[in-house]
Amino acid sequence: MDTDVHGWGRGVPDDVAAPGSRRRTRADRDPAAQKKAVQKNGVQDPHPGAPVPGAHRDGPSPENPTPADTAPSEVPLTSWPDARRIAARAPARAVAKAAPVLRALDDALGHVLAEPLTALTDLPPFDTSAMDGWALAGPGPWRLTAGRTGRGILAGTGAVEPLSDGHAVQIATGARIPPGATAVLRTEYGADTGDGWLYAAKAPQPVGFGQDIRPRGQECRSGDQLLPAGTRVTPAVLGLAAAAGYDELATVRRPRVEVLVLGDELLHRGLPREGGIRDALGPMLGPWLRALGAEVSGTRRIADEADALYAAIDGSSADLVVTTGGTAAGPVDHVHPTLHRLGAELLVDGVEVRPGHPMLLARLAPERHLVGLPGNPLAAVSGLLTLAEPLLRTLTGRPAPERRPAPLAEAVSGHPHNTRLVPVTFRYDEARPLRFSGPAMLRGVAVADALAVIPPGGAGRGAEVEVLELPWSNGTGGTGDTSGTGGIGGIGDTGGPGGSGQHDDDDGIPTQEGHA
Ligand SMILES: Nc1nc2c(c(=O)[nH]1)N[C@H]1C(S)=C(S)[C@@H](COP(=O)(O)OP(=O)(O)OC[C@H]3O[C@@H](n4cnc5c(N)ncnc54)[C@H](O)[C@@H]3O)O[C@H]1N2
Ligand code: MOO
C-alpha cells in the first residue's frame, strides 16, 4: 500500500532525517502539545533515584533543556525497553502497601501468592507404605500377624502396634509403617502359603532395607519453603498447599481495572453499517486483563465527548484505568486534553514501537494509573503488552518472566528506529511471523503464540529475538505442527486479500525473506 499511515517509512522522512534525536513533531497532531510538554517535564520524579528516560525530569541543562529552550512542540518518545521498565516501576509503592488477601483454597486459583508457601508439616508426615503388601521386620520367611483389626494396617488408622523381628503384617498403600518394620513386600512379590508363613517367593530380587517405605519428610520438612512469593496458584499449587497443611492462602490483592472504550463509530451488535464498525476491543480487553491477573470491574463505552471522558476517569476508583482510542490528533481525540485537565502526570507519552506508538501511561494519583491504548486493534494489543502487562505484573507481585529468545523462521523487516512487535506462532522451535498483522488487524494475533520483538533495523532469518508470550500460549516450540491455524504455512497465505502479496498487510512492511 502506498499510503503511509504510520508517520514513517516512505512518506515521512522526519525520523530518518534526525535519527539521533528520534523526535517527532507533536504539534501537527495536537494543538495542546506545548502545554503537555510543560506538564510532562515539570512533574516530580515519581521514582526518586530511578532514571526516567525521555521524560526530562532532571531540570534544565544543555543536554536536558527546559521546554522553553527547545522547540516547544517536540516531545521525545520513550524507547520500547524504557517504556516497559517505567510501567513496571510505576506502581511499586502501591504493592508494598497492599495487604495480602486470605483466600480459601477453592477460591485461590489463578491468584498470586503474597507470601512464600512454607510447609506446615513434614511430607509424608509419617513413614508410610508405598505399596499394598506386607510390612516386614527383618529377613524372611515371616510369621504373619493379623494386626489389631484383623485386616492388617489400613491407611488412615491411628496408632499401629509394633512389629517384632521375623513377623509380617498386611499393609495398604499410604498406611503408617509399624515401629520395627524394615521393609514392605508388594502383594505380587509375596506368597502366603496358608500355614501362617509369608515367603518373598516372587520378588525379582531380595527385599532391601527400607524398600517401598516412604520415609517421613522425604518430600519436605516442616518449615521448608515449597514455593516463593509471586507464584501463580495453579491446580497443582492448590494440591501441594493442601498436602502441606493449608486451608487458605495469602494472596496478592488483585488490582482493579476499568476499561473505557471510546469511539462513537463503534457498534456492539450485528454487522458493520453506515460507517460504523464493531467494537473489537471491548470484548477482548476484559478477558485479556483478567489473564494478566487483574480484576476487571467493568468495560464502559464512553461517547466521543470530552466531558464524558473526564467524568468517567475522574469518577473511577480503579487502580488502573485502560482507555482505548482517542490518543492521536483527531478532532475527537480527547485523552491528552482530559489527562491535562485532570492534572495527571504523563510517565510515558508515545513509545518507539510499531504498531501502537501513540500509547501512553499516566499517573492519575499516587497509586492510580491510566494506560491509554491506541484505537487500532493491534496497536492496542501492543500497548497492552508494552505498558499494561508490566504494570499489572508489579501490581500482582509476579516476577518478570525469563527472557526467552526464539529464532525467527524468516527474516522480518524493521522500522529504522523503532521496535516492531510482530505476531508469531511457534513451529518446530522457530517463531514464524504471521500474516494479517497490520495495526488495524487481529487476524494474525488471533492465531499467535507470542509477539516477536523485532529490533530497529529488522532481524534476519534465524536471528534470536525476544518473544512476548501470550497468556494462552503453549510455550516456545511446544505446539508442534500448527499448520491450519493461520501460520505462514497454514490458512494465512492461502488466499484472501493480502494473502499472497509481498506486503504483509496495510502496514506496508514487507515480510517476505529478502526484504528485511
Ligand atoms: N495525524 C495523526 N494521525 C494519526 C496518528 C498520528 O500520529 N498522527 N497516529 C496513527 C496511529 S499510529 C494510530 S494507532 C491511531 C491511534 O488513534 P487513536 O488512539 O486516536 O484511536 P482512534 O482514532 O479513536 O481510532 C483509530 C482507529 O481504530 C479504530 N478503533 C478505535 N477503537 C476501536 C475498537 N474498540 N474496536 C475496533 N476498532 C477501533 C477506529 O475506528 C479507527 O479506525 O491514530 C493514527 N492517526
Ligand atoms: O502504528 Mo498505529 O500505532 O497505526 O497502529
Side-chain angles (χ1 to χ4, degrees), residues 1-9 80 277 280-281 284-285 288 324 351-359 373-386 389 406-416 418-427 430-461 463 465-473 479 482-516:
M1 213 174 179
D2 288 337
T3 335
D4 182 352
V5 293
H6 306 281
W8 68 278
W80 183 77
I277 56 159
L281 297 178
M284 179 175 84
L285 290 176
W288 201 317
T324 68
V351 176
E352 292 176 337
V353 67
R354 307 290 162 142
H357 68 95
M359 67 180 73
L373 302 176
N376 276 330
L378 192 63
V381 170
S382 168
L384 188 72
L385 296 188
T386 301
E389 189 277 328
L408 283 174
E410 60 187 73
V412 179
S413 59
H415 180 278
N418 290 5
T419 300
R420 279 187 73 203
L421 300 183
V422 175
V424 293
T425 185
F426 296 128
R427 195 161 180 204
E430 290 183 323
R432 296 177 71 92
L434 289 156
R435 306 183 71 83
F436 303 110
S437 297
M441 299 180 179
L442 291 174
R443 189 170 164 186
V445 74
V447 293
D449 295 307
L451 297 191
V453 181
I454 307 298
R461 179 177 179 185
V465 295
E466 184 181 351
V467 290
L468 307 175
E469 279 189 31
L470 302 183
W472 42 88
S473 157
T479 52
T482 56
S483 60
T485 61
I488 290 284
I491 58 171
D493 59 349
T494 57
S500 56
Q502 145 180 330
H503 287 107
D504 190 32
D505 39 52
D506 74 354
D507 70 4
I509 298 165
T511 57
Q512 302 294 302
E513 223 176 299
H515 291 263

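Throughout, numbering of the chain's residues begins at 1 and tracks the sequence. We use all heavy atoms of the structure for the numbers below, so side chains are in, but hydrogens, waters and symmetry mates are not.
Here the CG atom belonging to Leu384 is positioned 11.0 Å from the CG atom belonging to Leu468, to the nearest 0.5 angstrom. If you take CE on Met284 and CG on Leu442, they are separated by 5.5 Å, rounding to the nearest 0.5 Å. Rounding to the nearest 0.5 Å places CG of Leu470 at 7.0 Å from CG of Asp449. Atoms OG1 and CD, on Thr425 and Glu430 in that order, are 12.0 Å from each other to the nearest 0.5 Å. In this structure, the separation between CG on Leu434 and CE on Met441 is 12.5 Å, given to the nearest 0.5 Å. A distance of 5.0 Å separates CZ of Arg427 from CZ of Arg432, quoted to the nearest 0.5 Å.
Residues Trp80 and Asn418 form no side-chain contact, since every pair of their non-hydrogen atoms from C-beta on lies 4.5 Å or further apart. In this structure, Val412 and Arg420 have side chains that are in contact, with non-hydrogen atoms separated by less than 4.5 Å. Between Leu378 and Pro423 the shortest side-chain heavy-atom distance falls below 4.5 Å. Under the 4.5 Å side-chain criterion, counting only non-hydrogen atoms from C-beta, Thr324 is in contact with Leu285. Between Val351 and Met359 the shortest side-chain heavy-atom distance falls below 4.5 Å. Residues Val447 and Phe436 form no side-chain contact, since every pair of their non-hydrogen atoms from C-beta on lies 4.5 Å or further apart. The side-chain heavy atoms of Leu421 and Val353, taken from C-beta on, include a pair separated by under 4.5 Å. Contact of the Glu410 side chain with the Pro433 side chain is registered, since non-hydrogen atoms from C-beta on lie closer than 4.5 Å.
Scanning all heavy atoms of the two residues, the minimum distance from Leu281 to Gly375 falls at CD1-O, 3.6 Å. The shortest non-hydrogen separation linking Ala380 to Leu373 is O-CD2, 3.6 Å. Heavy-atom minimum distance, Ala431 versus Ala406: CB-CB, 4.2 Å. Heavy-atom minimum distance, Gly414 versus Ile454: CA-CG2, 4.4 Å.
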Next on the checklist: Under the criterion side-chain contact (heavy atoms from CB on, under 4.5 Å), I'd like the reasoning laid out for Phe426 against Glu469: C-alpha separation, chi angles, the key distance, then a yes or no.
Outcome noted: CA-CA 10 Å; Phe426 296 128; Glu469 279 189 31; 4.1 Å; yes
Item to check | Criterion side-chain contact (heavy atoms from CB on, under 4.5 Å) on Val467 and Leu451, from CA distance to verdict | outcome: CA-CA 6 Å; Val467 290; Leu451 297 191; over 6 Å; no
Next on the checklist: Does Thr419 form a side-chain contact (heavy atoms from CB on, under 4.5 Å) with Val453? I'd like the steps, not just the answer.
Outcome noted: CA-CA 7 Å; Thr419 300; Val453 181; 3.5 Å; yes
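With respect to Pro355, the side chain to side chain contact (heavy atoms under 4.5 Å, CB included) criterion is satisfied by exactly one of Ser437, Pro377, Pro439: Pro439.
A donor-acceptor pair under 3.5 Å is formed between the side chain of Thr386 and the backbone N or O of Ser382.
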